[in-house]
Amino acid sequence: MMHPDTEIRYVSEEVGVGVFATKLIPKGTIVWIKDELDIVFDEEDIESFDEARKEYIYKYSYEDDEGEYVLCWDHARYVNHSFNPNCADTAYDFELAGRDIQPGEQITCDYGTLGDDEEFECTVEEGSTRTKVTANDYLVHFREWDEKAIEAFKYFNEVEQPLKHLINKQYIDKVNAVANGTEPLDSILTLFIEDEDDEN
């Protein structure tokens, strides 16, 4: 579920639509969180659909650490990629504002954090030398992703959290401990490493 102070807006003919903040979303705020209304498919389910639905699900879903495809039920599915995103991904099924997100600013995440099932070329962005999302991005960039999440978590208890009640019960104690500074953040790398271990 997306933060309530967001809406869909047209970006460009090339990009289509995106998700934009309608009010200030302070650093450390949960911007998106997986919840029970999101639709989860395994690949066999998707392949049984007609081509139009298959194309839509593959385009707008992401592969989770269980190898299933998650299609967000709300406008979260339209969050666009950036190599300089304003969201910080975590290992707890939610993303935090990695910095203050201003009213009217597009909300973005790094698609490299969402799974390793797809590679695609991207337009050049100021401040980044990356031009492609690859299946191995997590091996190269997990430290910078973790550092961004660590910095965002410092503000977690200082900002309004309208989505906090949706944190999965299996993560709530850990999230509170990380936010209180009593336990370290679980690296996003653990999502990928556990997935690899399951395959071996």
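- Annotation: side chain to side chain donor-acceptor pair (under 3.5 Å) contacts of Glu147 (sequence neighbours excluded): none.
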Verdict with supporting geometry, Val159 and Lys27, side-chain contact (heavy atoms from CB on, under 4.5 Å): CA-CA 8 Å; Val159 298; Lys27 183 176 181 176; over 6 Å; no
From CA spacing to verdict: side-chain contact (heavy atoms from CB on, under 4.5 Å), Ile46, Arg53: CA-CA 8 Å; Ile46 300 171; Arg53 288 187 292 172; over 6 Å; no
Stepwise salt bridge (Lys or Arg N to Asp or Glu O under 4.0 Å) check, Glu105 with Arg99: CA-CA 12 Å; Glu105 183 178 353; Arg99 55 178 172 76; 2.8 Å; yes
Trace of the side-chain contact (heavy atoms from CB on, under 4.5 Å) decision for Lys164 with Asn176: CA-CA 10 Å; Lys164 186 177 181 181; Asn176 285 328; 3.5 Å; yes
side-chain contact (heavy atoms from CB on, under 4.5 Å) between Lys174 and Glu183, intermediate numbers included: CA-CA 7 Å; Lys174 179 65 176 186; Glu183 290 188 26; 3.1 Å; yes
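- Of the N and O atoms on the side chains of Asn80 and Thr108, not one donor lies less than 3.5 Å from an acceptor on the other residue.
- Asp110 and Thr113 share no donor-acceptor pair across their side chains, judged by distance under 3.5 Å alone.
- Ile167 belongs to a hydrophobic cluster whose remaining members, ordered by chain and number, are Met1, Ile30, Ile33, Leu37, Trp73, Tyr92, Phe94, Leu96, Ile150, Phe153, Phe156, Leu163, Leu166, Tyr171, Ile172, Val175, Val178, Leu185; membership requires side-chain heavy atoms of ILVMFWY residues under 4.5 Å apart, directly or through intermediates.
- Under the 30°/60° scheme for interplanar angles, the aromatic rings of His81 and Phe83 are found to stand perpendicular.
- Between Lys148 and Glu151, no side-chain nitrogen of the basic residue sits less than 4.0 Å from a carboxylate oxygen of the acidic one, so the salt-bridge criterion is not met.
- Between Ser61 and Arg77 there is no side-chain heavy-atom pair separated by less than 4.5 Å.
- Within the 4.5 Å cutoff, no side-chain heavy atoms of Tyr138 are placed close to those of Ile188.
- Using a 4.5 Å heavy-atom cutoff, the side chains of Tyr69 and Val40 are not in contact.
- Taking the side chain as every heavy atom from C-beta outward, Trp32 and Cys72 approach each other to under 4.5 Å.
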Test log, rule salt bridge (Lys or Arg N to Asp or Glu O under 4.0 Å), inputs Asp64 and Lys34: CA-CA 10 Å; Asp64 67 13; Lys34 183 180 179 183; 3.6 Å; yes
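- Residues Trp145 and Asp137 have side chains in contact (heavy-atom distance under 4.5 Å, counting atoms from C-beta outward).
- Between Glu43 and Lys54 there is no salt bridge, since none of the side-chain N atoms of the basic residue sits less than 4.0 Å from a carboxylate O of the acidic one.
- Within the structure, the side-chain hydrogen bond (donor to acceptor under 3.5 Å, both in side chains) test picks out the following pairs touching residues 4-13 (sequence neighbours left out): Thr6-His75, Glu7-Arg9.
- Contact check for Tyr62 versus Tyr111: no side-chain heavy atoms found under the 4.5 Å cut-off.
- In this structure the side chain of Gln106 never reaches within 4.5 angstrom of the side chain of Val19, judged on heavy atoms.
- Looking only at side-chain heavy atoms (C-beta outward), Ile25 and Ile107 come within less than 4.5 Å of each other.
- The environment of CD in Glu160 is sparse: at most 12 heavy-atom neighbours from other residues, nucleotides or ligands sit within 6.0 Å.
- Classification of Asp146 and Arg143 as a salt-bridged pair fails, no side-chain N sitting under 4.0 Å from a carboxylate O.
- Residue Asp65 holds its CG atom at 9.0 Å from CZ of Phe192, rounded to the nearest 0.5 Å.
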